Amino acid sequence: MERTKLNSSGTEVLIIGGAGFIGSHIADSLVDNANVTVYDNLSTGRSENLHPDVSLLNDTIRNPERLTGAVEQADLVFHLAAQVSVQRSIEGPIFSHETNLDPILTILEAARGSDTRVVFASSAAIYGEPEYTPIDEDHPKEPNSPYGLEKLTADQYCRLYHDLYDVEAVALRYFNVYGPRQQAGDYSGVISIFREQARAGDPITVEGDGAQTRDFVHVDDVVQANLLAATAEDAPGNGINVGTGTEITIRELAEAVRQATNSDSEIVHVEPREGDIKESVADISLARKELGYEPKYEIYDGIEAYLGE
Ligand code: UD2
């Protein structure tokens, strides 16, 4: 099957959730080589993230007719629209389910019988509490939140639609993504929260002893993984980790953010988060093998690029 789809300006690319943090960076990387349509209701996505050359379909993903029509027009689909908060999924599982699970079925059904590729934003949350690290794709999957279960089911639907109906679906399992346009807020990533605290001169709040680790991946590397997944011959049918393969403690992270922002903020320790995962780091061998993916940013360079301006 020809896979030159990203090199032709006639290619129709649909980015569902394309006004959001990660989706808008994917859109920016494609506008010169394709016709990019963003499907987003701007509930958490922002219009200022939209490149002037993209077209916007302003609607909810909980509108199956509109979503089906948009997918049917596309040669390539990236699906990143989601209710992204683990905590909110615990507080309100039904809204989370309807947002994170029903639309992927609509999208995969609409792609059935075509050669449209679907690249889905899955998550490390599907693995639950790690039994060993680094976490490879065969690691047991015991999600401990509705969010994790929704991502796991959607990820498995991608594989099943590939196996049963030859749909070219790929799931990318993101670890902790950071970078420009990530908004600081109660449900946001720790780096964007530390950044705001450091810039304001407020205390940097490390939850617990700060010995917990994460694998932080820069959004530019996540874009790279998406573009590779859109074209790699053997990617469909796979769920593939996207991280860096290295981990850092949250305490070290707090110190790195303080340094990169030249901040005098004090680092304080607050109550640990209930159910917090102690250690998380990806095995990225499959991404290297199937996609030719190689992260460009290790964490200290990435923080410097993001914060040191
Ligand atoms: C990430 C994802 C989540 C899910 C999960 C899977 C983000 C934003 N969330 O959750 O969607 O995929 O991984 O396991 O990427 N922390 C502090 N101080 C703060 C805020 C956080 O110390 O002010 C700590 C927190 O206790 C945790 C670590 O930083 O140990 C990372 O927290 P997070 O919310 O950025 O991401 P995580 O790994 O819980």
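Since the structure is predicted, the reported quantities are computational estimates derived from the model, not experimental observations. For ligands, and for the atoms within them, numbers begin at 1 and follow the listed sequence.
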| said: Once you measure the plane-to-plane angle for Y178 and F216, does it fall in the parallel (<30°), tilted (30-60°) or perpendicular (>60°) bin? | reply: perpendicular

Side chain, backbone, both or neither: which part of [X] comes within less than 4.0 Å of ligand 1 when only heavy atoms are counted?
X	answer
E207	both
V270	neither
D276	side chain
F194	side chain
K151	neither
Y147	side chain

Taking only heavy atoms of [X] into account, list the atoms of ligand 1 that are under 4.0 Å away from them.
X	answer
V84	11 (O)
V206	22 (O)
G189	8 (C), 35 (O)
I193	23 (O)

Compute whether any side-chain donor of one residue and acceptor of the other, for [X] and [Y], lie under 3.5 angstrom apart.
X	Y	result
N241	Y127	yes
T249	Q212	no
T99	Q83	no
Y306	Q182	no
T244	D215	yes
Q197	S265	no

For [atom], which protein heavy atom lies nearest, and how many Å away is it?
atom	result
atom 35 (O) of ligand 1	V190 N, 2.8 Å
atom 15 (O) of ligand 1	N176 ND2, 3.9 Å
atom 12 (O) of ligand 1	S123 OG, 2.7 Å
atom 38 (O) of ligand 1	R214 NE, 2.6 Å
atom 3 (C) of ligand 1	V86 CG2, 3.8 Å

| task | Say whether F175, considering both its backbone and side-chain N or O atoms, lies within less than 3.5 Å of an N or O atom on ligand 1. | result | no

| field | NZ/NE/NH1/NH2 to OD/OE distance under 4.0 Å, D234 and K289 | value |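 Looking at K289 together with D234, the answer is no, because their closest N to O distance does not fall below 4.0 Å.
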
| Short N-O contact, E247 and R214, less than 4.0 angstrom |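 Salt bridge absent between E247 and R214.
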
Option of least heavy-atom distance to [atom] (set: [options]):
atom	options	answer
atom 21 (C) of ligand 1	E196, R273, Q182	R273
atom 5 (C) of ligand 1	P130, A211, S145, A125	A125
atom 18 (N) of ligand 1	V177, I250, T205	T205

| Qualifying residues under side-chain hydrogen bond (donor to acceptor under 3.5 Å, both in side chains), relative to S114, sequence neighbours excluded | T116

| Any protein heavy atom nearer than 4.0 Å to atom 1 (C) of ligand 1 | yes

| Does atom 9 (N) of ligand 1 have a protein heavy-atom neighbour under 4.0 Å away? |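 So atom 9 (N) of ligand 1 lacks protein heavy-atom neighbours under 4.0 Å.
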
| task | Check whether any side-chain heavy atom of R173 sits under 4.5 Å from a side-chain heavy atom of V242, and report yes or no. | result |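 R173 does not reach V242 side chain to side chain.
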
| Spatial distance of atom CG (L307) from atom CZ (R199) [nearest 0.5 Å] |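 Reported value, rounded in 0.5 Å steps: 6.5 Å.
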
| request: Find out whether the Lys NZ or Arg CZ of R112 is both under 6.0 angstrom from the six-membered ring centre of Y165 and within 45° of the ring's axis. | output: yes

